[in-house]
2 protein chains.
Amino acid sequence: MSRPTETRRPLTLRDVSEASGVSEMTVSRVLRNRGDVSETTREKVLQAAKALGYVPNKIAGALASQRVNLVAVIIPSLSNLVFPKVLSSISDELEDTGLQPVVGVTNYSPEKEEQVLYEMLSWRPSGVIIAGLEHTPAARAMLENAGIPVVEIMDVDGEGVDSVVGISHRRAGLHMAEAIIAAGYRRIGFLGSKMPEDHRARKRLEGFQEGLAKAGIELADTEFYAGGSALAKGREMTETILKRTPDLDFLYYSNDMIGAGGLLWCLDQGIDVPGRIGLAGFNGLDLLDGFSVRLATMNACRGEIGRKAAQIIAGRSQSNMIGGEVIELEPVLEPGDTIRKA
Amino acid sequence: MSRPTETRRPLTLRDVSEASGVSEMTVSRVLRNRGDVSETTREKVLQAAKALGYVPNKIAGALASQRVNLVAVIIPSLSNLVFPKVLSSISDELEDTGLQPVVGVTNYSPEKEEQVLYEMLSWRPSGVIIAGLEHTPAARAMLENAGIPVVEIMDVDGEGVDSVVGISHRRAGLHMAEAIIAAGYRRIGFLGSKMPEDHRARKRLEGFQEGLAKAGIELADTEFYAGGSALAKGREMTETILKRTPDLDFLYYSNDMIGAGGLLWCLDQGIDVPGRIGLAGFNGLDLLDGFSVRLATMNACRGEIGRKAAQIIAGRSQSNMIGGEVIELEPVLEPGDTIRKA
DNA sequence: CTGAAAGCGCTAACAG
DNA sequence: CTGTTAGCGCTTTCAG
């Protein structure tokens, strides 16, 4: 345990070649399962490699073959709960394709996104999956010039670089507004995060306001937060907004986590949900299953998005490059227990 | 958008060299900020590179320089909430070192861990940060022979390969038992996950039982789950165990998420917490801030663990390899509102 | 079925 | 301050 870390030269194909008495080339063939090799030599090589503990050098391999089995996946955050879900579906879908996802996180910063993208592209991945349609001009240029399949995910409201898989957040917001109005709510508040770079949340809000406007309604109040535990923030914000505007009869949250916090607060206060006030979030987190009262939400199709994106990359990296495609998924309203039945 | 993805040859140093009329070597120097280059040529090169949209090929660079600025980070899961936190602290700490974390996920499977490790080592990273001390013999051998700094994190109960940063889960469990007994609870149940490969949860349980045994107490009942929303499972399991063994006066959960589910259920049922029954979880998730009644928990030092691990890797990749170190952090009991005051 | 030769795109090391 | 020369460890291609 306190043995010094040795600075041994890593083993090379040549070492295996010498140990097995087989040419480097043939060793390489065995290790990659490429081409025909007699069972005898195959055994010899495999045994030598294992005995030595040889680990191939993919850097050299990639340089020689001009092929890298990596897919860059660029997302804004890991603490959002939404993205791990997308990641795991990408990862599952890529499982048997020989492709490996590599994750980069941007913290919702366009500059960071640009850096991360540059860094990842410099490893010449086979494809890029990146959240959102909004990028810096430089980032967009990199994506356009990379010469590899690019899939922008989560959002379809805008112009993509290549392929796009997602939902329309604008329409998601709009539909939620319609459902709320249909249920008879009229004094409606919105609670969300301050992040100006969360374009999807912004689009949902815009669509939501558009939906209200169609019914001649305006948002009665809004409340924004930044940082901290989302559940706790949801609780605080709900108290704040209801103190300020007590006659609100509906609260639309920009995500399920703050929505759940708000729900907990309302239940603690003994407020009649959904009678006195209705609540809704966004995402369809399965965390909501754990509450006795189910928050209304809208399923963001996260699993499906990851799957399709991965399929596009996997498909394209085989069949030589066709045009980009746009796949729009349909988010589903899950009314739960926090919207009155109409 | 439906423009075909072009299969353009990526640009090389030579292209920049020709465009700027400067030798490849000097272009390389400029792009890496290495060695002295006159301001004039520097400008010329930078301008040419930018105009062309050149992205360096790190594969070739790494092969030539025998240096890779990547740190492999291998964790069991991303949906656990614990690991994203560790990740982000690693990521923050590495920020200004020129090192980049690359994440691999094992789903708590030793075989998958072995595969992921092999895959990552084949990219010759500058270091490895890996969760846990339990690995397959092959994985352990790879770590020992990689010739790079290795930090095993989260757990110190066992023998490490090189450096180790974590807490003693055994003692964490033991201390929790002591606190519970000191508070006067006697009929104690344990609720956890079924995963046999979650060694840290197992060690907590063992330490916990050891602590109870010291007071001449045995676990009165246990309940395990697998899969699904942890919050919902916590709710269900709590109901189940209390139906089966109604006289339990304390429930120890193997993580905060199921603990929070149990807490919600108890509150819904109008059960007096912590009077009639006490509850405790593990991890110190900030999610708990969002509840009106704070679940007792134990801070697992996740941020600190990530930070220290990253420091070790960063420090060692500079100063040429010293011996491994073992850093044991001290988890802190956060009694919250769900343990009676003694 | 097996081997030899020629790079992949970059950087270390040395010379000017 | 700038350029030249050799590879890094592998795979592609072509000959046996």
Side-chain angles (χ1 to χ4, degrees), chain A residues 7-46 48-49 52 54-70 98 119 121-126 146-147, chain B residues 7-46 48-49 52-69 98 119 121-126 146-147:
Chain A
T7 276
R8 219 187 341 293
R9 173 183 67 75
L11 298 159
T12 69
L13 259 190
R14 159 173 245 115
D15 295 308
V16 182
S17 165
E18 284 169 359
S20 62
V22 177
S23 79
E24 283 188 46
M25 195 52 239
T26 302
V27 172
S28 170
R29 285 201 183 92
V30 172
L31 265 21
R32 285 177 299 144
N33 280 315
R34 272 275 190 305
D36 294 318
V37 181
S38 76
E39 196 49 40
T40 333
T41 32
R42 158 178 231 77
E43 280 307 324
K44 259 195 299 195
V45 169
L46 252 20
L52 294 174
Y54 172 71
V55 177
N57 185 332
K58 288 225 180 196
I59 296 175
L63 184 62
S65 66
Q66 308 279 22
R67 227 194 312 281
V68 178
N69 69 336
L70 264 23
E119 186 72 22
L121 286 181
S122 73
W123 287 100
R124 301 288 187 264
S126 293
Chain B
T7 276
R8 225 192 331 299
R9 173 183 66 77
L11 297 159
T12 70
L13 261 189
R14 159 172 246 113
D15 295 307
V16 182
S17 165
E18 284 170 358
S20 62
V22 178
S23 78
E24 285 187 45
M25 195 55 234
T26 301
V27 171
S28 169
R29 285 198 183 92
V30 172
L31 264 21
R32 285 177 299 145
N33 279 314
R34 272 272 190 307
D36 294 318
V37 180
S38 77
E39 196 49 40
T40 333
T41 32
R42 159 178 230 78
E43 280 308 325
K44 257 195 299 194
V45 169
L46 252 20
L52 294 175
Y54 172 70
V55 178
N57 185 334
K58 288 224 180 197
I59 296 175
L63 184 61
S65 66
Q66 308 278 33
R67 226 194 311 283
V68 178
N69 69 336
E119 186 71 23
L121 287 180
S122 72
W123 287 100
R124 300 289 188 265
S126 294

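Chain letters run A, B, ... following the sequence lines, proteins first, then strands; residues in each count from 1.
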- Sorted by chain and residue number, the side-chain contact (heavy atoms from CB on, under 4.5 Å) partners of B:Ala64 (sequence neighbours excluded) come out as none
- Item | Partner set under side-chain contact (heavy atoms from CB on, under 4.5 Å) for A:Arg29, not counting sequence neighbours | A:Met25, A:Thr26, A:Val37
- Rounded to 10°, the helix from C:dC1-D:dG16 to C:dG16-D:dC1 deviates from straight, judged by its five-pair end axes, by 30°
Between [atom2] of [N] and [atom1] of [X], the distance in whole Å:
| X | N | atom1 | atom2 | result |
| --- | --- | --- | --- | --- |
| A:Arg14 | D:dC10 | CZ | P | 11 Å |
| A:Leu11 | D:dC8 | CG | C1' | 16 Å |
| A:Glu24 | D:dC8 | CD | P | 11 Å |
| A:Glu18 | D:dG9 | CD | P | 13 Å |
| A:Leu13 | D:dC8 | CG | P | 13 Å |
| A:Ile59 | C:dC8 | CD1 | C1' | 14 Å |
| B:Gln66 | C:dT11 | CD | C1' | 10 Å |

- Compute whether any side-chain donor of one residue and acceptor of the other, for B:Arg42 and B:Ser38, lie under 3.5 angstrom apart. no
How would you list, by chain and number, every residue that makes a side-chain hydrogen bond (donor to acceptor under 3.5 Å, both in side chains) with [X], sequence neighbours excluded?
| X | answer |
| --- | --- |
| B:Ser65 | none |
| A:Ser122 | none |
| A:Asn57 | none |
| B:Ser17 | none |

Under 4.0 Å: is that the gap between some side-chain N or O of [X] and OP1 or OP2 of [N]?
| X | N | result |
| --- | --- | --- |
| A:Ser65 | D:dT11 | no |
| B:Ser23 | D:dT2 | no |
| A:Tyr54 | D:dG9 | no |

- Item | Contacts of type salt bridge (Lys or Arg N to Asp or Glu O under 4.0 Å), residue A:Glu43, not counting sequence neighbours | none
- Item | Residues in salt bridge (Lys or Arg N to Asp or Glu O under 4.0 Å) contact with A:Lys44, at least two apart in sequence or another chain | none
- Does A:Asp15 pair with A:Arg9 as a salt bridge, N-O distance under 4.0 Å? yes
- Item | Where at least one partner belongs to residues 58-67 of chain A, residue pairs that pass salt bridge (charged side-chain N to carboxylate O under 4.0 Å, His left out), sequence neighbours excluded | A:Lys58-B:Glu119
Every protein N/O lying under 3.5 Å from an N/O of nucleotides 5-7 of chain D:
none

- Query: Got a sec? Which of residues 27-43 of chain B come in under 4.0 Å of DNA chain D, heavy atoms?
  - Reply: B:Arg29, B:Asp36, B:Val37, B:Ser38, B:Thr41
- Tell me which nucleotide among C:dG3, C:dA12, D:dG9 gets nearest to the side chain of B:Arg67. C:dA12
